[in-house]
Structure formats: C-alpha cells, structure tokens
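Notes follow the structure.
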There are 2 protein chains.
Amino acid sequence: MGFEKNLICFDCSMTSPVFCNLKPNEIARIDKNRIEVTFNPGEIIMKSGTPNTHVISFFEGLAKISLERRGGRNFILDFIRPPSFFSGPGLFIDKKNHFTISAVELCKLCLIDMDTFLDIMRENTKMAFAFMEISNNFILNLVNKMESLLVKHNYGRVAEAMLYLSRKIYYSNPFKLSISKKELSEMTGLSKESVSRILHEFTDEGLIQITGKTFHLLKEDLLEQISRNG
Amino acid sequence: MGFEKNLICFDCSMTSPVFCNLKPNEIARIDKNRIEVTFNPGEIIMKSGTPNTHVISFFEGLAKISLERRGGRNFILDFIRPPSFFSGPGLFIDKKNHFTISAVELCKLCLIDMDTFLDIMRENTKMAFAFMEISNNFILNLVNKMESLLVKHNYGRVAEAMLYLSRKIYYSNPFKLSISKKELSEMTGLSKESVSRILHEFTDEGLIQITGKTFHLLKEDLLEQISRNG
DNA sequence: AATATGCGATGATATATATCATGAATAATT
DNA sequence: AATTATTCATGATATATATCATCGCATATT
C-alpha cells in the first residue's frame, strides 16, 4: 500500500486563493510534487523550529497556528479553515518554521515542495501577488492580535473571541465549539480560569447561552461593544 | 523654488535592500516617480488610517513605526534606520496605512509612487522576492514583539530594549539615546514610571550606567539573561 | 460496574504593574 | 536672567489577573 492521492489537484486549485492563478502545466507540476496527508485532532502538522520545506494547501478541517511559549502555555495566532494556503515567514530568512500548526478537527491537506513552489512563483507573477496578499493579511491579523494584547483586558478579549469564533471559524450562531477551554485561553492570552469566570459572567448577564458545547451569542451588539471598549 | 532632488537615485539604489535589484531603465522610472522629503524630529511621515499611496525608501535618519492605541499611548513596533525600505501591509488589501511612521531624528527619504512600484515588481522577479523577504522579516519581528508581550514582564522587556537599542539602532555601546523615556515605554509596552524604576534598579545593580543621555551597558551577558528569562 | 484520568468550575490569595500624586530637574520661551 | 512648560523620578495606592487549591463532573480504562 502506497501513499494514495485521492484529491484532484485541478478541483482544489479552483478554490485556492493562491493556486487559482496557475496554468494547467503549473498545476501538473504541483501535482507531481505534492503529498496528501490526513491529521487527527491534536496532531502536529508543522512543529516550530523544524526546517521549513513545504507549503501547505488546506483542503478540509480546522487547524490552529500557534506560538510556543515557555511552560507549555501556547498562544494561538490564528485558525485555518479551507480553502486556504499557508507558508511560514521563515521561507526567505532562515528556512525554519516559526509557528506550530496543529489539527483541531480532522484535517486533510497537501504538502507542496518548497522549491517547486518558489520556481513556479518566479514565473507566475499573478501567483506571486496572491502570495503577497496572503502575507499582508497575515501581518494585519498579527497586528490586530497585538492591539488586543496591548489594550484589551479580560472581558474585551473573551467577547472578541466569541465573535471571532462565530463569524470567522464556525460561520454560524449558535455554534458548536470544537476547541477546548484551554484553547480558548490560548486564543485570548488569558488563564483558563479567567476565561471560565468571564464566560460564566456573560451567561449570567444574558449575553451568551452555553448548553454543553453549544454557544449561542444572544446579544452580539453588546459583545461587540465590550470587545471594542473592554 | 520647486521641490529639488538632491539625491542620486543610482547611488541610493546601490545600498537599498529592494532597489538593488533594479535594471538601469527601472531605476530611471523610479527616479521620475519619486518625491524627496525631509522630516524634522517628531513629525509624522505616514499617518495610520490615511490612504497608502507610496512606498518609502529611507536615506537618512531614524524613524519609528508605531501602532496607535487609545489614550494617546502608542506602541512602537520597530525603528527604521537607512538604508531601508518600507511598504505598508494594507498594500494589497485596503490600500490604507495601518501604522503611523514618524521621524525620531531628522529624516531624509523618498516617497515612491505605489503604481510605479507595483508595475516594476510585476516585471522584476528579483525585486519581488526581495520585497517578500522584507515582508517576512517584518512578520518575524512582529512575532518576536508578540512573544515579548506574552511572556516577558517588566525587567525582561527593559533589558531587551536596552540590548536592542545598542545593537540594532545605535550600533554602539555606550550609546547616546535620541528617543525619550516615553518612547522607551512605548517600545516595551510598559508605563513610563515602570521604565524609570527599572532603569534605576539596573543602575543600582551595576548592569548599566546612565549619564545624561548616554547609556552604557556594563553587563550585557546579564542583561541578555534577564531579557530571556524575565 | 468500578476505578482512574482529565477537563472544567469556583473560591481564596498573591503579585505585578498601572495609576495617581507630588516634587525635582531639565529644556524652552519670553 | 526669569518664568513657564516639559520631561523625568519616586513614593503610595489600587486593581486586574495569575496562581494555587479544591471539588465536581464527564469521559475513558480496566
């Protein structure tokens, strides 16, 4: 039994923010130099510090990009929901991974050889520009996170996380939370105890309703206000 | 009296991390579409929120890139020392500036029309790759700042700032500080009172020596240790 | 079913750091 | 040189939030 390829490169590239710019022969090249992998929840897809040899094209699932902190308390920079693309910032610098990416829900993805990717980018300006756009979006997201850490406290950060999960990750309200309380604390940079307490307060005040793993945001406008001013 | 051009584009491009990749005709194009400006200390070069219409090629001086926080307490993401290049992350997204850049020391720089810049980048892959490298370096710097905010407190952050100023900004030890204590606090994300207190403690413990505006790092190894573990 | 293991909740306490308040020193303006 | 305005230093206080400790519940394991 070999490593099978179940995905069709052409179909996937149609929806990809980067590879949608490829010509047929370029898609063929990618197809020859890709590895299709499935990761179970909790498994590490890319470990910070290891060599950065591939870029990732996400096909299915939910993954998190996190920063390793001392004491095992990580910080989640962002989540990844397909269709999407990821390439580490070490690419042109030290060719190392600077983040740890791990699967939250079952993930299906392709690892694409870095050299192949760079070769194609050298020839395909459109793709290069799409790549830059993604890079810049990542920067804006980082800056946003930074602002949160700098000005918001407790309440504001939890409110922000709630809205983010509903709007950018689960695309629904109510939503069923697939991440743990610990991960919620790693999203916000707070301790898990603090997150617990604040979620409790939010339910007491009728802002949200939690039944098991299901979160229902009852007063989004108020949450937004707290997110902005808290 | 018009707006004179005193700098020679060719000389400048020799040292620039991005424009060193240009061919003569491309340099000529840049030369036609650039504005040469001088900024006095304190003056704003680019204001967060305004349209992002130009990229910057720094020729002389010292500038800071900062994030605006509510209450007038900004946060300094990085300093710029020539020869260097800056382009905002809003470039491909919303075409707005997301940071405020202001002069710390007298700055001489060129503003280069964004469309011209993009046109050239579309044709010149080498320059595009240099641009990506700079982008990624910016991300790594942001991530580093983020880690500091997340894990380091007081002492570690001030120690880090001291080492950074000596090694990356003034390239000397001792060095004469051209930034204010308030800016020191904006570099570290602390209150200026806290910065004062810690610098006092550092001098008491013989780690640094401050005479007027001159800072002398006496025990760099210890400062490094504090920066890592504090 | 019984036991173990881990995740989440909640109360009590400790502590880092901001804020406030005041005074000294330095720089700017007249 | 005199006066005003800024910047900086330092002590007292307040407070947000982490840490610690305990307990309950749910899920996994034997």
Side-chain angles (χ1 to χ4, degrees), chain A residues 40-42 69-75 104 148-162 165 176-205 208-215 226-227 229-230, chain B residues 40-42 69-76 104-105 148-162 165 176-205 208-215 226-227 229-230:
Chain A
N40 295 312
R69 302 203 260 170
R70 66 176 83 121
R73 301 177 60 254
N74 300 329
F75 182 70
V104 176
S148 286
L149 290 178
L150 283 164
V151 313
K152 294 181 187 175
H153 2 164
N154 254 345
Y155 299 89
R157 294 201 211 160
V158 176
E160 183 183 38
M162 286 294 114
L165 289 168
K176 200 166 147 286
L177 199 70
S178 58
I179 68 174
S180 67
K181 285 284 158 68
K182 181 152 187 280
E183 283 168 323
L184 264 184
S185 85
E186 291 179 345
M187 267 185 83
T188 51
L190 303 169
S191 69
K192 44 187 166 44
E193 290 94 332
S194 291
V195 173
S196 269
R197 272 184 266 266
I198 288 157
L199 287 177
H200 188 106
E201 284 193 55
F202 281 179
T203 41
D204 275 0
E205 285 156 17
I208 61 175
Q209 190 176 44
I210 306 174
T211 24
K213 284 277 176 193
T214 303
F215 282 62
I226 294 170
S227 168
N229 309 322
Chain B
N40 295 311
R69 301 202 260 169
R70 64 176 85 121
R73 302 177 58 254
N74 301 328
F75 182 70
I76 298 175
V104 177
E105 302 170 5
S148 286
L149 291 177
L150 283 164
V151 312
K152 294 181 189 177
H153 2 163
N154 255 345
Y155 298 90
R157 294 201 212 161
V158 175
E160 183 183 37
M162 288 293 114
L165 289 169
K176 199 165 148 287
L177 198 71
S178 59
I179 68 173
S180 66
K181 285 284 160 67
K182 181 154 188 278
E183 282 167 325
L184 265 183
S185 86
E186 290 180 346
M187 267 184 84
T188 52
L190 303 169
S191 69
K192 45 188 165 42
E193 291 94 332
S194 291
V195 173
S196 270
R197 272 184 266 264
I198 288 157
L199 287 177
H200 188 105
E201 285 192 55
F202 280 179
T203 42
D204 276 358
E205 286 156 17
I208 60 174
Q209 191 176 44
I210 306 175
T211 26
K213 284 277 175 195
T214 303
F215 283 60
I226 294 170
S227 168
N229 308 323

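Basis for what follows: all heavy atoms, side chains included, without hydrogens, waters or symmetry-related copies. Quick caveat: nothing in here was measured; it's all calculated off a predicted structure. Every chain is numbered from 1, with letters handed out A, B, ... down the list of sequences.
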For the side chain of A:L190, starting at C-beta, report the closest nucleotide among C:dG8, D:dT19, D:dA18.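 When the side chain of A:L190 is considered, D:dA18 is the closest of C:dG8, D:dT19, D:dA18.
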Can you tell me which nucleotide in D:dC8, C:dG8, D:dT10 comes closest to the side chain of A:K181?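 Nearest listed nucleotide: C:dG8.
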Length of the line joining [X]:[atom1] and [N]:[atom2], which is rounded to integer Å:
X	N	atom1	atom2	answer
A:Y155	D:dA16	OH	P	8 Å
B:L149	C:dA16	CG	P	18 Å
A:R157	D:dT17	CZ	P	7 Å

Find the distance between NZ (A:K182) and CG (A:L184) and round it off to the nearest 0.5 Å.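 A:K182 NZ to A:L184 CG: 12.0 Å, rounded to 0.5 Å.
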Using a heavy-atom cut-off of under 4.0 Å over every strand shown, decide if [X] touches base, sugar-phosphate, or nothing.
X	value
B:K192	nothing
A:G212	nothing
A:G230	nothing

Does any N or O donor sit under 3.5 Å from an N or O acceptor when you compare the side chain of B:R73 with the base of C:dT19?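 Result: no qualifying N/O pair found.
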Is A:R197 side chain donor-acceptor paired with the C:dG8 base, going by distance under 3.5 Å alone?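 Counting by modelled atom types and ignoring angles, no donor-acceptor contact under 3.5 Å is found here.
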Strictly by modelled atom types, are A:T214 and A:T211 linked by a side-chain donor-acceptor pair under 3.5 Å?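 A:T214 vs A:T211: no donor-acceptor pair found between side chains.
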